[in-house]
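Here is the structure we will look at, set down as structure tokens.
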Amino acid sequence: MSREVADHLRYYAELGVTGLARDPAWRARATVSDTAAAAVAPPVSGTGASETLDDIQTEIGPACTRCKLCTLGRSQIVFGVGHPRARLMFVGEAPGEEEDKRGEPFVGRAGQLLTKIIEAIGMSREQVYIANVIKCRPPDNRNPEPDEVAACEPFLFRQIDVIQPAVIVPLGKFAAQCLLKTTDPITRLRGRRFDYRGTTLIPTFHPAYLLRNPSAKREVWEDMKLVRAILQGDA
Ligand code: URA
């Protein structure tokens with residue numbers, strides 16, 4: 001077996017996939033990447049929604065001072081990355097140390113696991129969009145505080161409205177609670193689908209949680225199979 005194939009199978013095993021279907025009909029199905037490449041949402045027309053991601057980023061500016069995180073050691077704003085018309089969007093909590101250094105969400109250890117999760121459903125980071133509820137790193141990776149969320153979340157909502165993804169996956173309790181405006185624990189939110197701003201929202205566990213609790217990868221794999229089915233029009 002080539003090393004590439006072995007690596008690939010290891011990814012799936014890490015995600016909790018225990019077997020491969022031998023049914024030829026299953027193998028003949030379009031992959032998400034086929035569907036996603038062809039079905040990036042059409043441009044919005046006639047709705048008056050002419051804002052772009054660049055407009056939002058410009059409005060935030062390179063040195064935002066809307067909340068106290070600007071004085072608490074953040075080195076740059078981590079706006080978001082990916083396809084501006086992605087059909088699948090991931091939302092995390094806040095940038096960590098590595099993200100703050102590089103200016104890109106989910107590039108540390110948790111981010112590498114997220115990349116594997118995206119690849120496991122046949123997509124790439126370039127095809128999806130990845131953002132956080134807040135765009136600056138909280139000191140010592142503490143949780144974002146309510147005033148910081150209040151100052152920053154409107155920009156996330158505007159990013160969602162511009163991208164108009166078919167599916168949003170909030171990663172972990174914080175993002176799921178923020179988007180759904182609930183205090184329900186993630187254990188009650190995951191495993192369910194919600195209608196949200198014209199899209200389907202599928203909460204799942206945060207990849208950092210999976211690094212500490214690898215057995216939860218199985219549930220995330222279930223969530224990602226549902227995401228894939230929705231994107232393929234099968235669910
Ligand atoms: N955790 C998050 O929630 N977001 C990141 O960008 C990185 C880690």
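In each ligand, atom 1 is the first atom listed, and ligand 1 is the first ligand listed. Predicted model only: the values in this text are computed from it and were never measured. Heads up: numbering here begins at 1 and tracks the sequence.
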Lys/Arg-Asp/Glu bridge criterion (N-O < 4.0 Å) met for Glu98, Arg109: no
What residue and heavy atom of the protein are closest to atom 1 (N) of ligand 1, and at what distance? His206 NE2, 3.3 Å
Can you tell me the protein heavy atom closest to atom 5 (C) of ligand 1 and the distance? Ala94 O, 3.4 Å
By number and element, which atoms of ligand 1 are closer than 4.0 Å to a non-hydrogen atom of Gly92? 3 (O)
Less than 4.0 Å between a side-chain N and a carboxylate O, is that true for Glu59 and Arg158? yes
Within ligand 1, which atoms have a heavy atom of Pro105 less than 4.0 Å away? 6 (O)
Closest protein heavy atom to atom 4 (N) of ligand 1, given as residue, atom name and distance to 0.1 Å: Asn132 OD1, 2.8 Å
Please state which protein non-hydrogen atom is closest to atom 3 (O) of ligand 1 and give its distance, to 0.1 Å? Glu93 N, 2.7 Å
Should the pair Glu148-Arg142 be classified as a salt bridge under the 4.0 Å nitrogen-to-oxygen rule? yes
Should Gln57 and Lys135 be marked as a side-chain hydrogen bond (donor to acceptor under 3.5 Å, both in side chains) after you check the CA-CA gap, both sets of side-chain angles, and the distance that decides it? CA-CA 11 Å; Gln57 191 160 15; Lys135 309 215 175 314; over 6 Å; no
Strictly under 6.0 Å, is that where the ring centroids of His206 and Phe106 end up? yes
